[in-house]
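Pasting a structure here, questions to come.
For ligands, and for the atoms within them, numbers begin at 1 and follow the listed sequence. The analysis underlying the following values was restricted to heavy atoms, covering all of them including side chains, and did not include hydrogens, waters or symmetry mates.
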Amino acid sequence: MADTTLMDKLVSLCKRRGFVFQSSEIYGGLGSVWDYGPLGVELKKNVKDRWWRAMVHARDDIEGLDAAILMHPRVWEASGHVAGFTDPLVDCRQCKNRFRGDDPRIKGTPGQADAQCPVCGSRGTLTEPRLFNLMFKTFMGPVEEQAAVVYLRPETAQGIYVNYLNVLQSSRQKIPFGIAQIGKAFRNEITPGNFIFRTREFEQMEMQFFVKPGTDAEWFERWREWRMQWHHDLGLSPARLRWHQHGPDELAHYARAAFDVQYEFPFGWQEIEGIHNRGDFDLGRHQEYSGKKLDYFEQAANERFLPYIVETSAGADRVTLTLLVDAYREEEVEGDTRVVLGFHPAVAPIKAGVFPLVKKDGMPEMATALYHDLKRRFPSFYDDSGAIGRRYRRMDEAGTPFGVTVDGETASARSVTVRHRDSMQQKRVSVDQVADYVAERVNSG
Ligand code: ATP
């Protein structure tokens, strides 16, 4: 399957089955902003829930946080985003397309007569690069003036840094400890695209781990290992995951080390999560800009220090796209093509489809009762329309791991068939045990 075709097929499947829709579609859509439909919202929620469980609930040394999107404008001066969060932007006066100044497809120097537009091919029509800040701006209060400017946060991390003391004091944690947060972030990206890979509104799952200077390298390695394991546990193909180490030209000036978890998308190897050793840059800057002391007193060593930070920063939308890409497959079955989203049962939006084999002999009633039973335990779907094979196919496309069918034997034998999505094999299971049967397999990962 050509790789562009795979993305096209996925985008169309996502729309058809209710995973992802274009934002404001009836008005022609809004550039690189997407909405999650009934199946998509479940899939993404499963990603976020698994992250929260692994990072917060399963550990003693990480606390959760939900900071506001709007923050004091000084935060973004301290973080460096007001001065530095910029991309050089080039416009073509002829075809009106817009590029990043460092777009490798541009031949010549933008602004000069020899420069050639990579889309329309015109020469001398590219503007000089202009610096463009990626933060969305708005105004707080009734007057639209400079003093009222606030930003939509471009990352969730700053909400963690500025609450570091609040969390430390209220939770009675000691260093080393971490703060985790899931929330929306906004970037006015110049070249968004590849579906939900790079969007202007997205969700981040970020954790900042505060450590004693000198122990940072060790914690960094631990976090690298744990985070890669988490991606493996989602059921992603190990061969399509790898590390990318930031070289000196990619590394932020304050960063001591940075590695990205990359996934092999149809459009190439790309970052889905970054693990960064940020040193004391963040707390140092907030201490300087706020004038509030943020250092830590370690009683045991009778020592004061500004903690170093190891950050893990993943995109919920990117991980969701990764799951969709990794799960998509087409198979020939008895002369027919079936499309399957082979999600790990733990992340699948719907866990079980429930079907009466035919609409008579009490089967719909028994199936409906069973469906309500299962739905109390996990997301399930009832379908009584069309041939059973078609109903299975519809569930395959939604990534539902189990199909539960009430048939002619159910009334007398008190059993149903459970069809497994991947092997398509069927097994008879007693009606009383089917909920446990599915739940056990869903919770096993
Ligand atoms: P990129 O180089 O791809 O723009 P980045 O290095 O700017 O990413 P970070 O600032 O490290 O990304 O953000 C951490 C994570 O947030 C990324 O690994 C990614 O999963 C997610 N993310 C960042 N920007 C976007 C975006 N525009 N759309 C969707 N997810 C994003």
Q. Is R421 salt-bridged to D396, going by a charged N under 4.0 Å from an acidic O?
A.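 No salt bridge links R421 with D396.
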Q. More than 12 foreign heavy atoms under 6.0 Å from NZ of K15: is that the case here?
A.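 Open.
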Q) Measuring from each atom of ligand 1, which residues have a heavy atom under 4.0 Å away? A)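 Ligand 1 is contacted, at a heavy-atom distance under 4.0 Å, by R187, E189, F197, R198, T199, F202, Q204, E271, I272, E273, H276, S313, A314, G315, R318.
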Q: Would you please name every residue forming a side chain to side chain contact (heavy atoms under 4.5 Å, CB included) with A301, sequence neighbours left out?
A: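 A301 satisfies side chain to side chain contact (heavy atoms under 4.5 Å, CB included) with K212, E298, E303 only.
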Q.
Please determine whether a side-chain nitrogen of the Lys or Arg among E221 and R224 lies less than 4.0 Å from a carboxylate oxygen of the Asp or Glu.
A.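 Looking at R224 together with E221, the answer is yes, because their closest N to O distance falls below 4.0 Å.
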Q: Applying salt bridge (Lys or Arg N to Asp or Glu O under 4.0 Å) between K184 and each of E201, E155, E203, E206, report the one that passes.
A: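 So, applying the salt bridge (Lys or Arg N to Asp or Glu O under 4.0 Å) to K184 and each of E201, E155, E203, E206, only E201 qualifies.
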Q) Could you walk me through whether W51 and I182 pass the side chain to side chain contact (heavy atoms under 4.5 Å, CB included) check? A) CA-CA 9 Å; W51 187 88; I182 298 177; 3.6 Å; yes
